[in-house]
Amino acid sequence: MLTKVISQANIDHLRKWTDRAEKVVIVSHVSPDGDAIGSSLGLCHYLESQGKTVNVIVPNAFPDFLRWMPGAKDILRYGKYKEFADGLIAGADVIFCLDFNALKRLDRMADAVAASPARKAMIDHHPDPEDFCRIVISHPEISSTSELIFRLICRMGDFDEMTKECAECVYTGMMTDTGGFTFNSNNSEIYFIISELLSKGIDKDAIYRRVYNTYSEGRMRLMGFVLYEKLHVFPGFNAALITLTYAEQQRFNYIKGDSEGFVNIPLSIKGVRLSAFLREDRDSDMIKISLRSVGDFPCNRMAAEFFGGGGHLNASGGEFYGTMDEAVVRFKTALVKFQEELTKK
Ligand code: 5GP
Ligand code: MN
């Protein structure tokens with residue numbers, strides 16, 4: 001049995017909205033990850049089974065390794081179909097905001113969502129949600145938004161109607177936001193949920209292979225290059241850093257998603273508690289920062305204080321406007337500021 005995580009008031013309120021709604025739009029954050037896509041498609045399948053017209057809209061492209069997901073082909077990219085998407089957003093009865101806690105995470109889509117007269121509901125697991133939705137289902141203690149979607153469907157009394165396609169999407173989000181159940185995944189109820197998803201006929205081993213074992217040769221060689229040439233370990237700070245410039249990306253025929261997960265690798269070095277990955281992003285003219293930590297080191301605080309970002313205790317990110325060298329200097333300043341917390345026994 002599952003603990004009741006989502007409040008009864010929120011369930012009742014949502015039921016009223018969904019009973020009345022015909023047109024639903026689901027939006028998620030810029031550079032959508034497995035949980036963003038998994039939770040959005042999971043909810044989409046569920047609401048479609050309830051007879052709703054549902055559109056999933058994301059700000060920009062998502063990685064190739066998520067394209068197999070049922071329904072992924074119908075996801076609208078705002079950057080590509082802006083006018084059409086604007087119409088859907090403005091005309092929706094309800095907009096679900098999944099896997100993000102602040103409008104700015106919608107990037108260029110934020111204004112359209114803010115301006116829409118639709119009722120808005122947030123379902124998310126990032127701390128400190130901003131106030132832009134009437135219904136706020138925010139549970140930082142839950143390891144993925146996809147898990148919240150599973151819990152929502154159960155609480156609506158519709159587990160029996162959950163399709164295999166829906167279960168595949170939910171599982172993918174739960175798996176990717178916990179690194180294949182290797183972090184943030186000690187809550188025993190996660191494994192009860194997996195068991196329930198398996199009862200829907202999902203092939204979790206195949207899902208793992210589709211997500212994690214479909215990399216290109218270019219990515220493999222890029223990984224070798226960055227680990228050999230671009231990894232800096234700071235033993236006095238229990239930290240590691242990988243940087244990747246635009247020129248280096250070009251050298252390895254980089255496509256979006258090729259550096260996914262690189263930031264996690266240095267955490268397997270003994271003693272490393274914080275890992276940072278800095279990538280020059282020419283599309284957005286900035287350096288994208290990814291931070292990961294183990295234990296209780298709050299990498300989201302470092303992201304917020306030094307890189308205008310945020311996220312979770314152990315997985316966060318931010319942005320830096322300037323050169324790579326300047327970004328590295330900023331990171332080193334952050335290390336000094338956080339040295340005590342990084343090195344405490
Ligand atoms: P990633 O390193 O995979 O891009 O991001 C990890 C987590 O950090 C995301 O799930 C999100 O919570 C957070 N994050 C990443 N980039 C940003 C950012 O620019 N701003 C904020 N507020 N959070 C971010
Ligand atoms: Mn998530």
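Remember, it's a predicted structure, so these values are computed and weren't measured experimentally. Ligands are counted one by one from 1 in listed order, and the atoms in each one are counted from 1 as well. Numbering of residues begins at 1 and proceeds along the displayed sequence. All heavy atoms count here, side chains included; hydrogens, waters and symmetry mates do not.
Nearest to atom 24 (C) of ligand 1 by heavy atom, out of Ser31, Gly311, Gly310, is Gly310. For the residues Arg279, His312, His29, Arg292, the heavy atom positioned nearest atom 6 (C) of ligand 1 is part of Arg292.
A salt bridge links Glu305 to Lys337: one of the charged nitrogens lies within less than 4.0 Å of a carboxylate oxygen. Between Glu130 and Lys104 no salt bridge is recorded (no basic side-chain N to carboxylate O distance below 4.0 Å).
Below 30°, between 30° and 60°, or above 60°: for Trp17 and His13 the angle between ring planes is above 60°, a perpendicular geometry. The aromatic rings of His232 and Phe234 sit tilted relative to each other, their planes meeting at an angle between 30° and 60°.
Counting heavy atoms closer than 4.0 Å to ligand 1, residue Lys288 contributes side-chain atoms (C-beta onward) but none from N, CA, C or O.
Among pairs with a residue in residues 53-91, none fulfils ring-ring contact (aromatic ring centres under 6.0 Å, His included), at least two apart in sequence or across chains. Sorted by first then second residue, the ring-ring contact (aromatic ring centres under 6.0 Å, His included) pairs that include residues 289-330, not counting sequence neighbours, are His125-His312, His126-His312, Phe297-Phe338.
A distance below 6.0 Å separates the ring centres of Tyr171 and Phe181.
Among all non-hydrogen protein atoms, the one lying nearest atom 11 (C) of ligand 1 is Arg105 NH2, 3.6 Å. At the shortest separation from atom 12 (O) of ligand 1 among protein heavy atoms lies His126 NE2, 2.8 Å. Nearest protein neighbour of atom 7 (C) of ligand 1, counting heavy atoms only, is Ala315 O, 3.7 Å. Summary of contacts: the protein heavy atom closest to atom 15 (C) of ligand 1 is Gly317 CA, 3.4 Å. Scanning all protein heavy atoms for the shortest distance to atom 20 (N) of ligand 1 gives Gly309 CA, 3.5 Å.
With side-chain heavy atoms closer than 4.5 Å counting as contact, directly or through intermediates, Ile255 stands alone and belongs to no larger hydrophobic cluster.
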Begin with the C-alpha distance, continue with both residues' side-chain angles, and end with the deciding distance and a verdict on side-chain hydrogen bond (donor to acceptor under 3.5 Å, both in side chains) for Thr145 and Asp99. CA-CA 6 Å; Thr145 301; Asp99 201 39; 2.8 Å; yes

Show your working on side-chain hydrogen bond (donor to acceptor under 3.5 Å, both in side chains) between Thr18 and Gln50 and close with a plain yes or no. CA-CA 9 Å; Thr18 50; Gln50 306 290 307; over 6 Å; no

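Phe96 and Leu106 sit in two unconnected hydrophobic clusters of ILVMFWY residues. Membership requires side-chain heavy atoms under 4.5 Å apart, directly or through other members.
Looking only at protein N/O/S atoms, the ones less than 2.8 Å from the Mn ion (ligand 2) make 4 in total.
Ligand 1 lies out of reach of Glu260, whose nearest heavy atom is not under 4.0 Å from it.
Near Ser290, meaning under 4.0 Å from one of its heavy atoms, ligand 1 places the atoms 1 (P), 2 (O), 4 (O).
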